[in-house]
Amino acid sequence: MASPVANTTSSKRCRLLLLAAAVALTILVPPVSAQWRPVRLRVYVQEVLDGPGQTEKLLLRGPGPANPSLWPPHNYFGDTVVMDDLVTEGPANDSAPVGRVYGIYMTASMSRPVYTVSFTLLLSTGPYKGSTLVMAGIDDDSMPVREHAVVGGTGALRGAQGYVLGVVMPVSSQYVVMELDVHASVPEPTNKAKAAASHLIMDL
């Protein structure tokens, strides 16, 4: 039979462990915002695949094999392309510029027209000037509409979550335009969360 002293000591240890766990959760888990502000954007990415003004370049030639569902030159399994594309407010290439898309895509299937993509939209005008949206997922050329996840952002779009729908509009074999329809939201910190983080703010 356990002694009263042993029971008391065990009870104290349990309470201390529970207290430590609560403190750890308070420190590690960020405050959850009760408010989310919607972000809706529709922009157009001007992709110059080859020729004058080319904005997408083969960075790494994959080991293959050649993917029969894709046209060369980026049809080898593992081919990796880097992009620096102009983004405009309309589909025409002389539309007003609103930013750039920087990123990479890689041939990710040996038989299907599928790429993995990771790209960042940097906005240069409007209320989100200087802010970014980070997007990732797969790009399936057989789909009329491609869907990517919005996995983050910076500036006025910090902490963004959502999705983006992409529609490719071919202009020529060397030039396509992709419409990006962004459906996202960003957290609005509560007053309590702002107050809790106030001690982290330093005057520079």
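What you see below is based on every heavy atom in this structure, not just the backbone, and it leaves out hydrogens, waters and symmetry mates. Given the structure is predicted, the values throughout are model-derived calculations rather than measurements.
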### Task
Evaluate the side chain to side chain contact (heavy atoms under 4.5 Å, CB included) criterion for residues V177 and V171: first the C-alpha distance (whole Å), next the side-chain angles of each, then the deciding distance (0.1 Å), finally the verdict.
CA-CA 7 Å; V177 177; V171 177; 3.9 Å; yes
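- The distance from the CD1 atom of I104 to the OG1 atom of T116 is 7.0 Å, given to the nearest 0.5 Å.
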Show me the donor-acceptor pairs within less than 3.5 Å that the side chains of residues 148-167 make with the rest of the protein, sequence neighbours left out.
| unit_1 | atom_1 | unit_2 | atom_2 | d |
| --- | --- | --- | --- | --- |
| H148 | NE2 | I138 | O | 3.3 |
| T154 | OG1 | T132 | N | 3.3 |
| T154 | OG1 | T132 | OG1 | 2.6 |

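- Contacts of T88 classified as side chain to side chain donor-acceptor pair (under 3.5 Å), with partners at least two apart in sequence or in another chain: Q46.
- A 4.5 Å side-chain heavy-atom check between L41 and L123 finds at least one atom pair inside the cut-off.
- Take R100 and apply the side chain to side chain donor-acceptor pair (under 3.5 Å) test, not counting sequence neighbours, and it matches D84.
- For the pair P91 and M169, the minimum side-chain heavy-atom distance is below 4.5 Å.
- Residue pairs meeting the salt bridge (Lys or Arg N to Asp or Glu O under 4.0 Å) criterion with at least one partner in residues 107-136, sequence neighbours excluded, are R112-D140.
- Both V117 and V101 are assigned to one and the same hydrophobic cluster, defined by single-linkage of ILVMFWY side chains at heavy-atom distances under 4.5 Å.
- Shown here are the ring pair (Phe, Tyr, Trp, His ring centres under 6.0 Å) partners of Y115, two or more places apart in sequence or in another chain: Y105.
- Contact annotation: the side chain of L180 approaches that of V45 to within less than 4.5 Å [non-hydrogen atoms, C-beta and beyond].
- Here the shortest heavy-atom pairing between S124 and G99 reads OG-N, 3.3 Å.
- Residues M106 and M135 fall into different hydrophobic clusters, defined by Ile, Leu, Val, Met, Phe, Trp and Tyr side chains chained together at heavy-atom separations under 4.5 Å.
- Screening residues 165-187 for salt bridge (Lys or Arg N to Asp or Glu O under 4.0 Å), with sequence neighbours left out, gives R40-D181, R42-D181.
- When the side chains of ILVMFWY residues are joined at heavy-atom separations under 4.5 Å, either directly or via intervening members, M178 and L70 end up in a single hydrophobic cluster.
- Residue pairs meeting the salt bridge (Lys or Arg N to Asp or Glu O under 4.0 Å) criterion with at least one member in residues 49-65, sequence neighbours excluded: R61-D79.
- Evaluation of the ring-ring contact (aromatic ring centres under 6.0 Å, His included) test over residues 58-84, restricted to residues two or more places apart or in two chains, returns none.
- In terms of the side chain to side chain donor-acceptor pair (under 3.5 Å) criterion, residue partners of T55 (sequence neighbours excluded) are, by chain and number, D85.
- For S69, the side chain to side chain donor-acceptor pair (under 3.5 Å) partners two or more places apart in sequence, or in a different chain, are N67.
- One N or O on the side chain of Q54 and one on the backbone of L49 form a donor-acceptor pair closer than 3.5 Å.
- With sequence neighbours left out, the salt bridge (Lys or Arg N to Asp or Glu O under 4.0 Å) criterion links D139 to R146.
- Looking at residues two or more places apart in sequence or on another chain, you find a side-chain contact (heavy atoms from CB on, under 4.5 Å) between P170 and V168, V176.
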### Task
Determine, stepwise, if the pair F119 / M83 fulfils side chain to side chain contact (heavy atoms under 4.5 Å, CB included).
CA-CA 9 Å; F119 56 100; M83 55 185 163; 3.5 Å; yes
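- Both V39 and V87 are part of a single hydrophobic cluster, where members link through side-chain heavy atoms under 4.5 Å apart.
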